[in-house]
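A short worksheet on the structure shown next.
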Amino acid sequence: MRPPGLVLGIESSCDEMAAAVLRDGREVLGSRVHGQDATHAPYGGVVPELASRDHLRAVSGVVEAALAQAGVAPEDLDAVAATAGPGLVGSLLVGLSFGKALAFRLGVPFVGVHHLEGHLVSAELADASLAPPFIGLVVSGGHTALYRLEAADTPPVLLGQTRDDAVGEAFDKVAKLLGLPYPGGPALSAAARDGDPAAVAFPRPLAGAPGLDFSYSGLKTAVALEVERRGELGPRDVADVAASFEAAATDHLVTRARRALRDEGMARLAVVGGVAANRRLREELAAAGRRDGFRVVFPPPELCTDNAVMIAAAGARRLARGARDPFDREAFSRGPLGPSAP
Amino acid sequence: MKLLALETATPATDVVVLVDGRVCGRAGDAERPHAAALLPCVERALAEAGLGLGAVEGFAISIGPGSFTGLRIGLASVKAFALGSPRPVAPVPTLAALAWSVRERSDGLVLACLDARRGELYAAGYRPQAGGLVPAGPPESVYRPEELRAALAEPAFAVGDVAAGAPGLPIEPGTPTAVAVAEIGARMLAAGGGQLASELVPRYLRRAEAEARRTGQSLEPDAGSGPAGEAL
């Protein structure tokens with residue numbers, strides 16, 4: 001595999017516009033992330049049309065800043081990679097159109113990247129000793145899935161995924177029910193620190209069911225009923241419900257991750273995506289690892305949330321495997337990562 | 001001057017290379033979505049003109065109103081073409097591009113109309129003058145058909161989407177073309193009306209729906225105010 005040289009990565013699948021320059025798929029020369037929390041806070045969630053508009057305003061500045069930090073001119077780039085999906089199509093199309101047009105102008109290869117391959121690769125960037133085979137657990141506002149990573153030059157294999165809400169989405173929705181500010185995930189975890197995780201015995205999703213799928217809609221409904229039952233919520237109620245929800249939500253992840261490791265006969269787990277920053281999840285998985293004898297790798301927070309370093313890294317891998325995408329490549333809103341994925 | 005012009009505000013993608021006022025390359029795609037069609041069209045139009053993108057001295061883009069997604073695909077691409085370079089971009093009002101093609105066939109008011117969905121139209125009036133157009137009559141905005149009728153103080157030659165709904169006069173079917181975008185853009189750049197690509201945003205003319213609902217404001221932030229009334 002020939003090293004791909006200087007790769008620009010662009011990520012715009014949700015409400016972050018990000019750009020990064022990597023050398024040979026590993027060395028980060030420049031990275032910028034432009035978030036939109038203030039834009040979406042009044043709505044308690046991401047408004048797709050507002051996200052797309054903000055991306056278009058931000059894209060040139062974010063890419064220029066990443067290139068400047070790297071000390072690289074556009075003409076120095078050897079390739080461009082951009083997230084093609086899954087995500088909000090209007091958001092994706094801003095970064096994808098910009099990336100394709102820049103590659104066209106420079107006469108260099110372009111590759112579209114599956115957002116989840118980016119997240120999975122970020123674990124290997126964070127820990128150079130982590131090489132396939134390992135199990136990848138993707139936990140974010142848009143995704144909850146388990147993958148088996150066989151080798152660096154083969155695409156990850158999907159083992160199980162959520163049947164309804166993503167875990168981060170459930171965190172955000174429960175935070176809204178509890179009257180916590182947006183973005184809800186971190187606010188909920190902060191509130192949970194003062195609460196009793198055993199205060200409410202929320203049902204564990206898919207308890208007793210075989211397989212590696214996830215489900216969060218039932219748990220969310222159980223929380224809504226509990227909130228309704230309690231009526232006016234004091235700080236104690238908020239803390240206890242938050243802690244009990246967080247315990248049930250993370251327990252579900254730990255149960256499935258342990259089962260995947262056991263079923264696949266693996267001893268290494270990489271946890272990636274925005275929810276990988278959750279303290280309780282980290283503690284529970286580390287404890288399970290000590291009990292069962294597996295090692296857990298968490299990327300640093302800046303690589304957990306959406307970023308373009310992971311997109312440039314995943315793009316560099318696709319390039320090294322000889323992948324090239326045509327300039328008519330379109331964005332896609334959903335679809336698992338797998339042999340047929342980009 | 002060598003100019004690359006893009007039209008992605010309406011369903012068809014259209015690209016033109018204009019060299020010293022002459023169309024030297026043109027490629028269109030009415031079948032595929034803008035995201036798939038645009039760069040292949042740019043490639044074909046440049047090849048026909050025998051030019052590389054590096055030889056292009058300026059850009060013209062249909063800046064709206066129109067399909068939000070189409071406008072963003074076109075503008076994001078131009079931003080990449082112009083990244084880190086001072087090559088100017090002419091933001092051409094889409095309704096002016098629509099009126100452009102019929103300006104020589106009317107002495108009076110030309111009314112450009114595009115379907116804005118929800119039973120409304122994007123519309124703007126122009127008057128042919130000195131080979132170009134000056135804004136006149138109903139200012140660029142979003143109208144219900146009866147509002148547009150009321151805003152018309154004189155007979156007009158209407159052009160645009162037949163499906164846009166009846167403003168009370170026959171509409172000649174028409175769409176904005178990249179040729180019109182290029183010709184208007186060339187005049188704008190010659191008059192010093194070019195802008196930096198990095199700072200350009202589309203003329204949406206409408207707020208995001210969620211924003212209008214939350215704030216209790218209308219969908220149309222600029223209703224009635226219209227664009228700066230510059231000759232094109």
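Sequence lines set the chain letters: A, B, ... in the order given, protein chains first and strands last, and positions in each chain run from 1.
- Only one option out of L98(B), V159(B), L121(B) pairs with C113(B) in a side-chain contact (heavy atoms from CB on, under 4.5 Å); it is L121(B).
- For V94(A), the parts lying near chain B are the backbone and the side chain together; criterion is any non-hydrogen pair under 4.5 Å.
- A donor-acceptor contact shorter than 3.5 Å is absent between the side chain of R144(B) and the backbone of G119(B).
- When heavy atoms are compared at a cutoff of 4.5 Å, L67(A) approaches chain B solely by way of its side chain, counted from C-beta outward.
- Counting heavy-atom neighbours within 6.0 Å of E228(A) CD, excluding the residue itself, gives a total of 12 or less.
- No cation-pi contact links R329(A) to F110(A), judged by a cut-off of 6.0 Å to the six-membered ring centre and 45° from its axis.
- Between the side chains of D306(A) and H115(A), at least one donor N or O lies within less than 3.5 Å of an accepting N or O.
- Nearest heavy-atom pair, L71(B) versus P65(B), reported as atom, atom and distance to 0.1 Å: CD1-C, 4.4 Å.
- For F332(A) and H114(A), the ring centers sit closer than 6.0 Å to each other.
- In this structure, chain A has heavy atoms under 4.5 Å from both the backbone and the side chain of S77(B).
- Of the two parts of P48(A), neither the backbone nor the side chain holds a non-hydrogen atom closer than 4.5 Å to a non-hydrogen atom of chain B.
- Interface check for chain A: of the options G84(B), A37(B), P33(B), the most heavy-atom pairs under 4.5 Å are formed by P33(B).
- Heavy atoms closer than 4.5 Å to chain A are found in both the backbone and the side chain of F81(B).
- Test R206(B), R213(B), R72(B), R207(B) against E49(A) for salt bridge (Lys or Arg N to Asp or Glu O under 4.0 Å) and you get one pass: R72(B).
- In this structure, no portion of V89(A) lies under 4.5 Å from any heavy atom of chain B.
- Contact of E209(B) with chain A is not made at all, since no heavy-atom distance falls under 4.5 Å.
- In this structure, chain B has heavy atoms under 4.5 Å from both the backbone and the side chain of F327(A).
- Salt-bridge formation is detected for the pair R26(B)/D14(B): a Lys NZ or Arg NE/NH1/NH2 atom is positioned less than 4.0 Å from an Asp or Glu carboxylate oxygen.
- Heavy-atom neighbours of chain A within the stretch residues 183-198 of chain B, taken at a separation under 4.5 angstrom, comprise S198(B).
- Between L39(B) and D328(A), the closest side-chain pair of non-hydrogen atoms is not below 4.5 Å.
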